[in-house]
Number of protein chains: 2
Amino acid sequence: MVRKTKENAELTRQNIIHAAREVFLKRGVSRSTMEHIAAQAGVTRGAVYWHFKNKTELFHAMREQVLLPLIDRMDGALLVAGSEDPLTCIENFLLGTIQSLEESLETRQIYEIMMIKCEYVEEFETVLQQILVNCSGILQKIQLAYERARIKGQLHEALEPAQLAQDTNLFFVGLLHMWVKDIQGQQFRQQAIQLIHFHMQLRRTH
Amino acid sequence: MVRKTKENAELTRQNIIHAAREVFLKRGVSRSTMEHIAAQAGVTRGAVYWHFKNKTELFHAMREQVLLPLIDRMDGALLVAGSEDPLTCIENFLLGTIQSLEESLETRQIYEIMMIKCEYVEEFETVLQQILVNCSGILQKIQLAYERARIKGQLHEALEPAQLAQDTNLFFVGLLHMWVKDIQGQQFRQQAIQLIHFHMQLRRTH
DNA sequence: GTGTTTACATACGCTGTTGTTTGTATATAA
DNA sequence: TTATATACAAACAACAGCGTATGTAAACAC
């Protein structure tokens, strides 16, 4: 069984990406070898090198497959569109991110790999830059939402949208990190939704 | 020049630890070889293997040297002792951590290594556990401070100390991560103090 | 149906890295 | 003063992992 049809080839390509995710998660990115990944995918290194130039390219393929759609989701519906209640908009955005982590094993694994199973040096420094850019994009959109909220009088009087956005952004970064790192204990994972609600409630006029 | 006196030996031991920090920072932990570290320290691998069993042990030595004193500082003065204003106590604790990052190159470098230049797999998973334990210790102390603040009437009425502490803790985690990751831009680093003040101001009765 | 390309498996050579072993000059203890 | 332990340097053996080259059978184009 050697030459496969195009669809079959695409299937093994996907298998290799999935295998890479599993292996990266288990052994960390730099300790994962092409042999490990190939074995996990049930192929030989030949197949892996046919589809991907090297481990770095495979890493990027893995990352983009799940993360790019996720970023689109962030940018789209929840923040920009909301003509309704802007604060609820932000809250839904935060909840939605947690929800997508809870729903999708793949997303969870990739977040874990990106956060605690990857060293951001040399070729991977660009990835870190991308993360930062994405992060400041989120920050700006949160700020816009807070500005709309202020106009609508939903905020405590003298609170600056810029500062609020920064505070929420840091809360968000911290939440994601703790959520991912809290693997066995699962204390944070259960509380996450509560914490988001409390964080937003701090900002609301009552 | 072979056999050194005891003091000289201790000196080369320290040199090796410092060298390891530099190399870890530049190449990431797993891509750093004993040869790299030895060269950076101006010795041969023989010396490194004399002082440390392997790279893992060297990593722990590096980490403990700067981080353990820092943890002591956290646990001590700022949170427990404060019989004065508990909220200012928390604020000072947050400010103090940022300050120790700004003051000490070594601390900065180790934080960067721990956050984005290290893969927490196999032998290193225990390190992650330690970080989490330390983190929940901080959380508890923040909560105690908030409880004291509530008794003194410093807080907005119905705010639960437990929730406030979680929110501040996540803010803190996020702040540290962004501070460390924001290497060139330095947007966050300049704002950090402001952001801490704003975060605490959100909680204060006015 | 034949030629060419595809999608891999297999085999090879090379380099990098590790842990250990051996050598050695000197500090230190007796 | 001599013996021994120390603090390394230098050499060695072994393997792991990478990239590439080669083989090959089946898919696809014509």
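In what follows, chains are A, B, ... by sequence order, proteins preceding strands, each numbered from 1.
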- Query: OG of B:S104 to OH of B:Y111: how many Å apart, nearest 0.5 Å?
  - Reply: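 Output value for this atom pair is 10.5 Å.
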
Rounded to whole Å, please give me the gap between [atom1] in [X] and [atom2] in [N].
{"X": "A:E7", "N": "D:dC28", "atom1": "CD", "atom2": "C1'", "value": "12 Å"}
{"X": "B:M34", "N": "D:dC12", "atom1": "CE", "atom2": "C1'", "value": "18 Å"}
{"X": "B:N8", "N": "C:dT26", "atom1": "CG", "atom2": "P", "value": "14 Å"}
{"X": "A:E10", "N": "C:dC8", "atom1": "CD", "atom2": "P", "value": "10 Å"}
{"X": "B:E35", "N": "C:dG16", "atom1": "CD", "atom2": "P", "value": "11 Å"}
{"X": "A:R31", "N": "D:dC18", "atom1": "CZ", "atom2": "P", "value": "14 Å"}
{"X": "A:I16", "N": "C:dA7", "atom1": "CD1", "atom2": "P", "value": "12 Å"}

- Query: Under the side chain to side chain contact (heavy atoms under 4.5 Å, CB included) test, which residues partner A:Q194, sequence neighbours left out?
  - Reply: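 Here the qualifying residues are B:Q163.
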
- Message: Could you check whether A:R204 pairs with A:E91 (Lys NZ or Arg NE/NH1/NH2 to Asp/Glu carboxylate O, under 4.0 Å)?
- Response: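 Counted as a salt bridge, because a side-chain N and a carboxylate O are separated by less than 4.0 Å.
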
- Query: In terms of side-chain heavy atoms, does A:E10 have a donor or acceptor partner in A:Q14 at a distance below 3.5 Å?
  - Reply: yes

- Task: Scan side-chain atoms only and decide if A:E35 and A:T33 contain a donor-acceptor pair under the 3.5 Å cut-off.
- Result: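 Note: A:E35 and A:T33 side chains miss the donor-acceptor criterion.
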
- Hey, does the side chain of B:T5 come within less than 4.0 Å of D:dA7's phosphate (OP1/OP2), counting only N and O? no

- Task: Report yes if at least one side-chain N or O of A:T12 is closer than 4.0 Å to OP1 or OP2 of C:dC8; otherwise report no.
- Result: yes

- Name every residue in residues 40-59 of chain B that has at least one heavy atom under 4.0 Å from any atom of DNA chain C, in order of residue number, or write none if there are no such residues.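 Here the set is B:R45, B:Y49.
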
- Taking salt bridge (Lys or Arg N to Asp or Glu O under 4.0 Å) as the test, write out the residues that go with B:E123, two or more places apart.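 Result, salt bridge (Lys or Arg N to Asp or Glu O under 4.0 Å) vs B:E123: A:R31.
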
